[in-house]
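Some notes on the structure that comes next.
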Number of protein chains: 2
Amino acid sequence: MFYLRSMARIKTDKNISRKDVIVTKAAALFREKGFKAASMRDLAEAVGVEAASLYNHIKSKTELLHELCFSVANRFTHKIDEIEAEPINSIQKVEKLLRFHIHEMINHYEEVYVSDREWKHLADPYLSNFQNQRRIYRKRFAAIIEAGIRNKEIKKIDAPTAVLIMLHAISGIESWHRSTQKIGAEELEENMITILVGGLVNR
Amino acid sequence: MFYLRSMARIKTDKNISRKDVIVTKAAALFREKGFKAASMRDLAEAVGVEAASLYNHIKSKTELLHELCFSVANRFTHKIDEIEAEPINSIQKVEKLLRFHIHEMINHYEEVYVSDREWKHLADPYLSNFQNQRRIYRKRFAAIIEAGIRNKEIKKIDAPTAVLIMLHAISGIESWHRSTQKIGAEELEENMITILVGGLVNR
DNA sequence: ATATATTGCTAACATTCGTTAGTTGTTTTA
DNA sequence: TAAAACAACTAACGAATGTTAGCAATATAT
C-alpha cells in the first residue's frame with residue numbers, strides 16, 4: 001500500500017521530543033531574524049511541517065521565547081551558585097565565571113544570543129521574572145568583584161560597571177561566530193580572559 | 001474664526017525639519033520596542049499625528065532605519081579618520097576612540113543603540129553597505145591595536161578580538177541607561193577606560 | 001486487529017501592519 | 001489677497017501574522 005501524500009513526521013532521536021526540535025530550530029531562527037521578524041510559518045518551514053502543526057507541540061510563539069530565555073538564565077544561575085561556594089579567591093571566581101560565559105556563548109550560541117537580545121518581547125509575568133533573575137545575577141557577580149576589591153586583588157573600580165563590561169564584551173562573540181576568518185575557539189577564550197581579567201587585576 | 005477640529009502641526013524650532021522630529025522619535029521608539037515591533041501607528045502617536053501623515057515627510061519605515069544607521073556609522077568613520085591622522089601613540093589613539101564611543105553611547109544613546117542592534121532589518125543594498133562600512137571600521141581599529149603590539153605598547157593579543165571586546169563592552173552602556181542607580185557619566189567613562197585600556201597595556 | 005492517542009493537514013479567522021488615494025485645512029509666496 | 005505649496009486628515013487596501021477548528025493519517029497500546 002502507498003499514499004499519494006505522506007505526512008512526514010518531525011524526526012526525533014530517543015529522548016528528544018518533537019517540542020525540543022521545535023525549540024532548537026526556533027532559537028536559530030530568532031537569532032537570525034529576531035523574534036518579531038521570525039514568523040511561525042518560517043519556523044514551520046525550518047522544521048519541515050505546516051505552521052498549524054506546530055501547535056500540537058507548543059502553546060504559543062511566546063512560549064518558545066520563555067523556554068529559551070529561562071533555560072539560559074537558569075544555567076547561569078546554577079553556575080554562580082556553584083562558583084560562589086568554591087574555596088578560591090575572587091579573581092579565580094571571576095575567571096571561572098567568564099570562562100563559563102564564553103563556553104556558553106561558543107557552544108550554545110543561538111540560545112544565549114536570543115536570551116540576551118530578545119527578552120524584551122517576553123510578556124509579563126515572564127518579563128518581570130526574567131529581568132529580576134538577571135538583575136540578581138549581576139548583583140551576585142558584582143559582589144564577587146567587590147570582595148576582590150576589598151582584598152586588594154582587584155583594582156578600585158565600580159563593580160557594576162565592571163560586570164556590565166564583562167557581560168557585554170562576551171556577547172561580542174556573536175561577531176566572532178559571524179566572522180569568516182575565525183581564530184580558534186580556545187585562542188578566542190584565552191584572548192578574552194587576558195584582556196578582561198587583565199583589566200581588573202591590581203598591580 | 002474658530003475650528004471644530006484643528007490640525008495641529010508637528011512642532012518645529014528653526015533649523016529642525018519635521019522629518020528630523022520624526023527620525024528622532026523613531027530612534028527612541030525603535031530602541032524601546034525594536035524596529036519590527038515598533039509600528040508606524042506607534043510612531044505617529046509619539047509624534048502627535050495620524051500614521052498616514054508621516055508619509056508627507058518620509059518615504060518609508062525602512063528609510064528611517066537607513067538614516068539612523070548611516071548617520072551613526074558616518075560619525076564613527078569621520079572620527080577614526082581624524083584620530084588616525086593625529087601624531088600620538090597607539091594607546092592614546094585607542095583611548096581617544098574609546099572615549100568617543102562612550103560619549104556617543106551616553107549622549108546619543110537611542111540612535112547608537114538602534115544602529116548597533118537593528119541594522120539586521122536594513123534591506124539591500126543598504127544592508128551590504130552598512131556591513132561593509134562597519135567591517136572596514138573594525139579593521140582600521142584593529143590596525144591601530146596591531147601597531148601598538150608591534151611597538152610593545154600593547155600586550156600580544158589578537159587585535160580583532162580586542163576590538164570586538166571594546167565595542168561590545170561599550171554597548172553595555174545600554175544597561176547603565178536603563179539602571180535606576182546610575183553612577184555619574186564621568187565616573188562611568190573613567191571606569192570603562194581603566195578596565196578596557198588596563199586590559200590592553202603591556203607591563 | 002482494533003482502539004486510542006498523536007501528529008499531521010487544509011482552511012480560515014481576526015488583527016495588525018505598512019502604505020496609498022483623495023480631501024481638507026494651514027502656511028507661505030507672489 | 002489670491003495662488004501655490006505644504007501638511008494634516010479619513011478611509012481603505014492588500015499582505016502578513018498568530019492561532020483555532022475540524023479532519024486525515026500514523027503510531028502506539030490493548
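Just so it is clear: chains get the letters A, B, ... in the order the sequence lines come, proteins before strands, and each one is counted from 1.
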> Separation of A/Asp42 atom CG from D/dT17 atom C1', in whole Å?
Replying inline: 11 Å
>> Using the side-chain heavy atoms of A/Arg41, tell me which of these nucleotides is nearest: C/dA12, C/dT10, D/dA8.
In response: C/dA12
> For C/dG8, does either OP1 or OP2 sit under 4.0 Å from a side-chain N or O belonging to A/His57?
Replying inline: yes
>> What's the closest nucleotide to the side chain of A/Ser39 if the choices are D/dT17, D/dA8, C/dC9?
In response: D/dT17
>> Looking at A/Phe35, I'd like to know if the NZ or CZ of A/Lys61 sits under 6.0 Å from its six-membered ring centre while staying within 45 degrees of the ring's axis.
In response: yes
>> Which nucleotide wins on minimum distance to the side chain of A/Tyr55, given the candidates C/dT20, C/dT7, D/dT19?
In response: D/dT19
>> Output the rounded distance in Å from CG (A/Asn56) to P (C/dT7).
In response: 7 Å
> Counting N and O atoms only, with roles assigned by atom type, does the side chain of B/Asp42 sit under 3.5 Å from a partner on the main chain of B/Ala38, one being a donor and the other an acceptor?
Replying inline: no
>> B/Ala52: which residues meet the side chain to side chain contact (heavy atoms under 4.5 Å, CB included) condition with it, sequence neighbours left out?
In response: none
> Considering heavy-atom distances to DNA chain D, does A/Lys59 or B/Glu50 have its closest nucleotide positioned more toward the 5' end?
Replying inline: B/Glu50
> Base, sugar-phosphate alone, or nothing: which one does A/Ala38 contact when heavy atoms must sit under 4.0 Å apart?
Replying inline: sugar-phosphate
> Could you state the CE-P distance from A/Met40 to C/dA11, rounded to the nearest angstrom?
Replying inline: 20 Å
> Of the candidate nucleotides C/dG18, D/dT19, D/dA8, which contains the atom at the shortest distance from the side chain of A/Ser60?
Replying inline: D/dT19
> Expressed in angstrom and rounded to an integer, what is the separation of B/Leu54 atom CG from C/dG18 atom P?
Replying inline: 10 Å
> Quick one: A/Leu43 CG to D/dT19 P, roughly how many Å, whole number?
Replying inline: 11 Å
> Once you round it to whole Å, what is the distance between P of C/dT16 and NZ of B/Lys33?
Replying inline: 12 Å
>> Applying the salt bridge (charged side-chain N to carboxylate O under 4.0 Å, His left out) criterion to B/Glu110, which one of B/Arg31, B/Lys25, B/Lys33, B/Arg178 satisfies it?
In response: B/Arg31
> Of the nucleotides D/dA7, C/dC9, C/dT19, which one has an atom closest to the side chain of A/Ala52?
Replying inline: C/dC9
>> I'd like to know whether B/Tyr113 forms a ring pair (Phe, Tyr, Trp, His ring centres under 6.0 Å) with B/Phe30, so could you lay out the CA-CA distance, the side-chain angles of the two residues, the decisive distance to 0.1 Å, and finally the verdict.
In response: CA-CA 9 Å; B/Tyr113 182 86; B/Phe30 293 169; over 10 Å; no
>> Tell me the interatomic distance from A/Lys61, atom NZ, to C/dT15, atom P, rounded to whole angstroms.
In response: 19 Å
>> Without decimals, in angstroms, what is the distance between B/Ile58 CD1 and C/dT20 P?
In response: 10 Å
